Amino acid sequence: MDLLFIVGGLILLVGGGNWLLKSSVGLSLRLNISKIIVGLTVVSFATSAPEMIVSVQAALNGFPDIALGNVIGSNIGNIGLVLGVVLLINAIQVDTSFYITDWPTKMIASTLLFIF
């Protein structure tokens with residue numbers, strides 16, 4: 001029975017993703033908006049909506065640790081997948097300013113978030 005739910009969920013996920021992609025391209029053509037703008041707004045919100053719903057529901061049910069873990073895990077997954085795919089295609093050139101300003105700032109912000 002669980003296998004049936006997994007297969008059904010995957011079929012719905014692929015179908016929903018295909019529908020989202022076609023609809024967002026149609027929206028950009030109908031409203032004469034750049035596809036990159038639609039991708040940055042509509043598609044990004046639609047892909048983040050399930051995580052937001054799970055986080056809000058968990059927080060309302062008294063489980064804020066699940067909400068926080070969902071946000072952190074989602075960010076780690078998204079960054080890891082994007083960087084992994086990019087690195088499979090081409091090498092990334094990292095500026096030295098990244099190690100001087102960006103990386104320490106991100107580490108401080110992450111540490112403060114963890115503390116608070």
Side-chain angles (χ1 to χ4, degrees):
M1 188 66 173
D2 288 337
L3 184 62
L4 181 66
F5 285 138
I6 291 172
V7 171
L10 286 173
I11 290 171
L12 289 173
L13 182 66
V14 170
N18 191 21
W19 177 76
L20 174 67
L21 183 64
K22 287 181 179 180
S23 298
S24 62
V25 169
L27 181 69
S28 71
L29 293 174
R30 181 174 292 171
L31 298 177
N32 201 14
I33 300 173
S34 172
K35 289 179 184 71
I36 190 81
I37 299 298
V38 172
L40 290 173
T41 55
V42 174
V43 175
S44 63
F45 179 75
T47 56
S48 298
E51 296 164 0
M52 182 181 68
I53 291 169
V54 167
S55 296
V56 169
Q57 197 68 8
L60 291 175
N61 289 336
F63 300 105
D65 51 343
I66 292 178
L68 184 63
N70 188 18
V71 170
I72 293 172
S74 171
N75 286 331
I76 290 171
N78 290 336
I79 291 169
L81 287 172
V82 169
L83 282 176
V85 169
V86 168
L87 288 175
L88 284 174
I89 296 170
N90 196 6
I92 295 178
Q93 194 69 10
V94 179
D95 295 333
T96 55
S97 67
F98 171 78
Y99 297 111
I100 296 170
T101 57
D102 296 346
W103 187 79
T105 304
K106 290 176 185 178
M107 289 300 110
I108 291 170
S110 296
T111 304
L112 289 174
L113 176 65
F114 179 74
I115 290 170
F116 290 125

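The residues of the chain are indexed from 1 along the displayed sequence. These numbers come from the heavy atoms of this one structure, side chains and all, not from hydrogens, waters or symmetry mates. The structure presented is a predicted model; accordingly, all values stated were derived computationally and were not measured.
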**Student:** Using modelled atom types only, decide if a donor and an acceptor are shared between the side chain of N70 and the backbone of I66 within a distance under 3.5 Å.
**Tutor:**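 No.
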**Student:** Search all heavy atoms of A67 against all heavy atoms of A58 and return the closest pair with its distance.
**Tutor:**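 So the minimum-distance heavy-atom pair works out to N-CB, 4.2 Å.
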**Student:** Distance from L27 atom CG to N32 atom CG, nearest 0.5 Å?
**Tutor:**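 Nearest 0.5 Å value for the CG-CG distance: 11.5 Å.
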**Student:** Given side chain to side chain contact (heavy atoms under 4.5 Å, CB included), test L10 with V14 step by step and report yes or no.
**Tutor:** CA-CA 6 Å; L10 286 173; V14 170; 5.6 Å; no
**Student:** Hey, quick one: are W103 and I79 part of the same hydrophobic cluster, counting side-chain heavy atoms closer than 4.5 Å, chains of contacts allowed?
**Tutor:**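 Same cluster.
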**Student:** If hydrophobic clusters are built from ILVMFWY residues whose side chains come within less than 4.5 Å, do L83 and Y99 share one?
**Tutor:**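 Yes.
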**Student:** Starting at CD1 of I6, measure out to CG of L13 and round the result to the nearest 0.5 Å.
**Tutor:**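 Between I6 CD1 and L13 CG, I get 13.0 Å after rounding to 0.5 Å.
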**Student:** Please go through V25's hydrophobic cluster and name the other residues, only I, L, V, M, F, W, Y counting, with side-chain heavy atoms under 4.5 Å joining them.
**Tutor:**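 ILVMFWY cluster around V25 also holds L29.
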**Student:** Quick one: hydrophobic cluster around I76, which other residues, with the 4.5 Å side-chain cut-off, linked directly or via members?
**Tutor:**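 L68, I72, listed by chain and number.
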**Student:** If you group Ile, Leu, Val, Met, Phe, Trp and Tyr by side-chain heavy-atom gaps below 4.5 Å, do F116 and I108 land in one group?
**Tutor:**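 The answer is yes; both residues are in one hydrophobic cluster.
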**Student:** Supply the atom-to-atom distance I115 CD1 to T111 OG1, rounded to the nearest 0.5 angstrom.
**Tutor:**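 One gets 6.5 Å once the value is rounded to the nearest 0.5 Å.
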**Student:** Could you give the side-chain donor-acceptor pairs of residues 88-95 under 3.5 Å, partners two or more places apart or in another chain?
**Tutor:**
none

**Student:** Judged by atom type as modelled, is there a donor-acceptor pair below 3.5 Å linking the side chain of S24 to the main-chain atoms of L21?
**Tutor:**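 Yes, the answer is positive, given that a donor and an acceptor are paired below the 3.5 Å cut-off.
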**Student:** Should V38 and L31 be counted in the same cluster of Ile, Leu, Val, Met, Phe, Trp and Tyr side chains packed under 4.5 Å apart?
**Tutor:**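 Per the 4.5 Å side-chain linkage, V38 and L31 are co-clustered.
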**Student:** With a 4.5 Å cut-off on side-chain heavy-atom distances among I, L, V, M, F, W and Y, is there a chain of contacts connecting I36 to I33?
**Tutor:**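 In one cluster: yes.
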**Student:** Under 6.0 Å from the CZ atom of F98, do we count more than 12 heavy atoms belonging to anything else shown?
**Tutor:**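 More than 12 heavy atoms, drawn from other residues, nucleotides or ligands, come within 6.0 Å of this atom.
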**Student:** Closest approach of T41 and I37, non-hydrogen atoms and distance?
**Tutor:**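 Heavy atoms of T41 and I37 come nearest at OG1-O, 2.8 Å.
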